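I have placed the structure first, in the form of structure tokens, so that the comments after it can refer back to it.
Atoms within each ligand, like the ligands themselves, are counted from 1 in listed order. For clarity, every value in this text was computed on a predicted model and none was experimentally measured.
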Amino acid sequence: MSLTLGIIKPDAVQSGKAGSILSHLEASGFTVKALKMTVMNTVQAGAFYAVHKERPFFDSLVSFMTSGAVIPMVLEDDDAVAKLRAVIGATDPAEAGDGTVRKLFAESKERNAIHASDSDENAASEISFFFCDHERLGI
Ligand code: CMP
């Protein structure tokens with residue numbers, strides 16, 4: 001078993017799709033090990049997406065990710081990082097496979113409903129970004 005981080009993004013929270021997305025993830029076999037609702041500020045969102053700092057969409061991405069509540073969650077399954085990325089589908093919902101979270105629930109390439117860690121190393125750092133020591137005691 002391994003862990004990954006997912007974030008239900010502001011577009012999905014605002015449009016009332018968070019519960020459906022969570023159900024979809026559980027039905028796909030993930031166990032939710034930790035979960036919270038929070039609002040990121042500009043510094044936090046900029047730090048979280050620092051790898052994209054030079055990309056033309058960076059400012060818009062930070063603005064979007066701070067526009068409302070997000071739901072970060074720690075998910076457990078066999079090969080959790082690769083499995084979650086398969087379950088959520090391509091970044092652009094227009095290119096995401098049928099039945100994937102982004103095909104079902106995302107609006108656009110930016111407003112794409114959910115984030116997922118892209119490696120075990122990044123999963124560990126992203127989990128620590130959102131969940132402090134005592135919130136990770138049960139993991
Ligand atoms: P995520 O998986 O959270 O990782 C980086 C995010 O940047 C991505 O989902 C999208 O929300 C956003 N993103 C990636 N590429 C683009 C793009 N070409 N235009 C706008 N937003 C993008």
Side-chain angles (χ1 to χ4, degrees):
M1 286 292 192
S2 61
L3 301 174
T4 190
L5 182 92
I7 309 172
I8 301 177
K9 295 186 178 184
D11 58 318
V13 176
Q14 284 162 4
S15 59
K17 296 170 183 166
S20 297
I21 291 173
L22 199 51
S23 292
H24 190 93
L25 297 176
E26 289 184 320
S28 300
F30 290 100
T31 300
V32 180
K33 302 293 286 185
L35 177 148
K36 67 170 71 170
M37 178 178 276
T38 186
V39 179
M40 283 197 279
N41 64 34
T42 301
V43 173
Q44 291 167 328
F48 186 82
Y49 281 119
V51 66
H52 296 303
K53 193 159 181 38
E54 305 305 324
R55 307 287 284 275
F57 57 81
F58 178 76
D59 287 346
S60 177
L61 176 61
V62 169
S63 176
F64 162 54
M65 290 299 290
T66 57
S67 67
V70 294
I71 303 177
M73 64 188 99
V74 180
L75 299 168
E76 182 184 64
D77 205 342
D78 291 326
D79 203 5
V81 167
K83 180 170 174 180
L84 184 59
R85 292 182 73 79
V87 165
I88 71 174
T91 303
D92 185 344
E95 296 169 8
D98 287 345
T100 60
V101 173
R102 285 169 170 160
K103 185 71 162 190
L104 291 168
F105 301 109
E107 296 177 18
S108 68
K109 193 168 191 177
E110 178 174 86
R111 298 171 64 85
N112 63 354
I114 189 165
H115 166 83
S117 306
D118 63 3
S119 68
D120 285 338
E121 185 183 13
N122 285 340
S125 68
E126 291 180 359
I127 289 168
S128 296
F129 185 95
F130 283 105
F131 297 94
C132 64
D133 286 353
H134 78 266
E135 291 170 319
R136 286 187 272 120
L137 283 178
I139 296 175

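For the pair Arg102 and ligand 1, a heavy-atom separation below 4.0 Å is found. Look at Lys9 and you'll find a heavy atom under 4.0 Å from some atom of ligand 1.
Ring geometry for His52 against Phe57 counts as tilted: the plane angle lies between 30° and 60°, on a 0 to 90° scale.
Residue His52 touches ligand 1 through its side chain alone, judged by heavy-atom distances below 4.0 Å.
You'll find the side chain of Arg102 reaches within 4.5 Å of the side chain of Ile114, heavy atoms only.
With a 6.0 Å cutoff to the six-membered ring centre and a 45° limit on the axis angle, Lys36 does not count as a cation-pi contact of Phe130. Taking the ring axis of Phe64 as reference, the NZ or CZ atom of Lys9 does not stay both within 45° of it and closer than 6.0 Å to the ring centre.
In this structure, the protein non-hydrogen atom closest to atom 17 (C) of ligand 1 is Phe57 CD2, 3.5 Å. Among all protein heavy atoms, the one lying closest to atom 3 (O) of ligand 1 is Tyr49 OH, 2.6 Å. The single protein non-hydrogen atom nearest to atom 10 (C) of ligand 1 is Lys109 O, 3.3 Å, given as residue, atom name and distance.
Numbered from 1 in the order shown, with element, the atoms of ligand 1 that lie under 4.0 Å from a heavy atom of Leu61 read 6 (C), 7 (O), 11 (O), 12 (C). The contact set between ligand 1 and Asn112, taken as ligand atoms under 4.0 Å from a residue heavy atom, comprises 8 (C), 9 (O), 10 (C), 11 (O).
Taking the six-membered ring wherever Trp is involved, the centroid distance between the rings of Phe48 and Phe129 falls below 6.0 Å.
Side chains of Glu76 and Ser2: no donor on one and acceptor on the other come within 3.5 Å.
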